[in-house]
Structures are given as structure tokens and as C-alpha cells.
Amino acid sequence: HDLALDEHQKTLDKAVKFTLGDFTGQTTEWMAVRALLEQEFGGQQESASLKLLLNSQHEDGGWGWDTGHPSDALATGIALYALSRSKGEFVKPVKKAHDFLIRTQTEKGHWIVPGTKQVRNNKPGATSNYWGTCWAVIGLVSTQPK
């Protein structure tokens, strides 16, 4: 019997219980994680969090760090990844998100993403651009047309 495996499972169980509990975050990443977990552990075809995620897509096709922030590549990539792992067809929101990412990609191939920390004062930085680009690519790869 593997003690590390037991500890891994206990850690996962506690995290899932917390994430699916009463606490509700307002960020795209929180809605995405909850949607993934509700489907994986709750057996829900279309979860409440997935509906919230879909309803928080902005008119420009992207998602913001939270519902009150402008669209950015990081949040849009996370949302796309969650949609790719969800059961169901999301052709229209995925197309809108792809269009957003295509429009906002720089000539060099990366995305400019404002930082969310107060000290960054909503200005782009190396870390936010890096994470935004990583998640934009993950979102695009996970939802690329077949």
C-alpha cells in the first residue's frame, strides 16, 4: 500500500470539497475550475459554473480576469480549456474566443496581458504576458478545429 498515493488522494479530496463548497470566486479561472470539477466529480452534464463561465464571455469574444475586467488572453485561454474539457458543443463561444485571440496577438506571436496586482496598476508585465501567452496557446490547441 502506497502512503504517498493515500496522501495524494486525501489532498485531492480536500481540494475538491473546498472548491465545490460554499465559497464562490468571481474570476474566470475559478469558474473554469469549478466547471471542470462539477463535471468530473458531480456528474453534471452542464454545470452551473459552466453556465456562469459562458455568460461571462464579453462581446469582444474574450474573457476577463473577472467579470468586471476587460478581456485578455490569459482568461480567454483558461475559459477555452475548460470548454474543451466539458461535454457539449460550444461552437459559437469558441469561435468568438478564437477571433478575439487572433485579433489581439502581437506580430511576434505573443499576447499583451495587463497584470492583476495593484502594484502593476493594470499595466502589462513580463509575467502576465508570459502566462497570458501560455494560456492562449493552451486554449487554442485544446479547441482547434478538427
Side-chain angles (χ1 to χ4, degrees), residues 7-146:
E7 289 304 310
H8 177 273
Q9 190 60 52
K10 285 179 188 175
T11 299
L12 178 59
D13 290 346
K14 281 173 35 179
V16 169
K17 183 178 179 182
F18 174 80
T19 306
L20 295 178
D22 293 336
F23 178 79
T24 54
Q26 298 299 313
T27 65
T28 296
E29 63 192 347
W30 186 258
M31 288 182 266
V33 167
R34 276 192 65 121
L36 291 167
L37 291 178
E38 285 169 356
Q39 184 171 285
E40 182 72 24
F41 297 101
Q44 298 168 341
Q45 185 75 355
E46 187 170 328
S47 71
S49 295
L50 183 61
K51 288 178 187 175
L52 281 173
L53 183 67
L54 288 165
N55 289 335
S56 66
Q57 186 176 26
H58 297 306
E59 284 298 314
D60 65 6
W63 278 264
W65 178 74
D66 69 19
T67 54
H69 282 81
S71 297
D72 65 55
L74 185 137
T76 301
I78 290 171
L80 281 171
Y81 178 75
L83 293 177
S84 78
R85 299 292 306 252
S86 298
K87 297 175 182 106
E89 293 292 319
F90 305 103
V91 176
K92 193 173 182 179
V94 167
K95 169 82 170 88
K96 285 176 66 175
H98 284 191
D99 290 347
F100 169 78
L101 290 173
I102 289 166
R103 279 191 320 275
T104 59
Q105 186 181 32
T106 69
E107 286 294 318
K108 290 183 178 180
H110 69 287
W111 283 265
I112 305 295
V113 177
T116 57
K117 296 188 187 236
Q118 275 189 319
V119 295
R120 293 287 320 145
N121 197 23
N122 210 30
K123 292 182 181 143
T127 302
S128 57
N129 292 343
Y130 170 79
W131 282 106
T133 297
C134 289
W135 275 105
V137 171
I138 290 168
L140 287 167
V141 167
S142 65
T143 57
Q144 66 182 332
K146 309 262 187 248

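Because the structure is predicted, anything quoted here is derived from the model rather than measured. Hydrogens, waters and symmetry mates are skipped; everything else that's a heavy atom, side chains included, is used.
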Quiz: residues 15-22 side-chain donor-acceptor pairs under 3.5 angstrom, not counting sequence neighbours:
| from | atom 1 | to | atom 2 | distance (Å) |
| --- | --- | --- | --- | --- |
| Thr19 | OG1 | Ala15 | O | 2.7 |

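- In this structure, His69 NE2 and Ser56 OG are separated by 13.5 Å, a value rounded to the nearest 0.5 Å.
- Considering every non-hydrogen atom in both Ala32 and Ile78, the closest pair reads CB-CG2, 3.6 Å.
- With sequence neighbours left out, the side chain to side chain contact (heavy atoms under 4.5 Å, CB included) criterion links Lys14 to no other residue.
- By the salt bridge (Lys or Arg N to Asp or Glu O under 4.0 Å) test, Glu7 pairs with Lys10, sequence neighbours left out.
- Between Thr143 and Ser84, the closest heavy-atom pair is CG2-CB, 3.6 Å.
- Atom CD of Gln105 is separated from atom CG of Leu140 by 8.0 Å, given to the nearest 0.5 angstrom.
- The salt bridge (Lys or Arg N to Asp or Glu O under 4.0 Å) analysis of residues 97-107, with sequence neighbours excluded, yields the pairs Lys95-Asp99.
- Each salt bridge (Lys or Arg N to Asp or Glu O under 4.0 Å) pair with one or both residues in residues 26-36, not counting sequence neighbours, appears once here: Arg34-Glu38.
- Contact annotation: the side chain of Val113 never approaches that of Trp65 to less than 4.5 Å [non-hydrogen atoms, C-beta and beyond].
- Between the side chain of Thr28 and the backbone N or O of Gly64, at least one donor-acceptor pair lies under 3.5 Å.
- A search for side chain to side chain donor-acceptor pair (under 3.5 Å) contacts involving Thr104 returns Trp111, not counting sequence neighbours.
- Listed for the Thr133 side chain is no donor-acceptor partner under 3.5 Å among the backbone atoms of Tyr130.
- Scored by the side chain to side chain contact (heavy atoms under 4.5 Å, CB included) test, Ala97 finds Gln57, Trp63, Thr76, Leu80 as partners (sequence neighbours excluded).
- Residues passing the ring-ring contact (aromatic ring centres under 6.0 Å, His included) test with Trp131: none are found, sequence neighbours excluded.
- Remark: Trp135 pairs with no residue by the side chain to side chain donor-acceptor pair (under 3.5 Å) rule, at least two apart or across chains.
- Separation of atoms CD (Gln39) and NZ (Lys87) is listed at 4.0 Å; rounding is to 0.5 Å.
- When every heavy atom of Asp72 is checked against every heavy atom of Pro114, the shortest pair comes out as CB-CD, 4.3 Å.
- Residues Pro93 and Leu54 come closest through the heavy atom pair CG-CD2, 3.8 Å.
- Residue Asp60 comes nearest to Phe100 through the heavy atom pair O-CB, 3.5 Å, listed as atom of the first residue, atom of the second, then distance.
- For the side chain to side chain contact (heavy atoms under 4.5 Å, CB included) test, no residue two or more places apart in sequence or in another chain qualifies with His8.
- Summarising the geometry, atom CG belonging to Leu53 is positioned 8.5 Å from atom OG belonging to Ser49; distances are rounded to the nearest 0.5 Å.
- The closest side-chain heavy-atom distance from Thr67 to Met31 is below 4.5 Å.
- When the side chain to side chain contact (heavy atoms under 4.5 Å, CB included) test is applied to Gln9, the partners found at least two apart in sequence or on another chain are Leu12, Asp13.
- The side chain to side chain donor-acceptor pair (under 3.5 Å) test applied to His58 returns no partner, not counting sequence neighbours.
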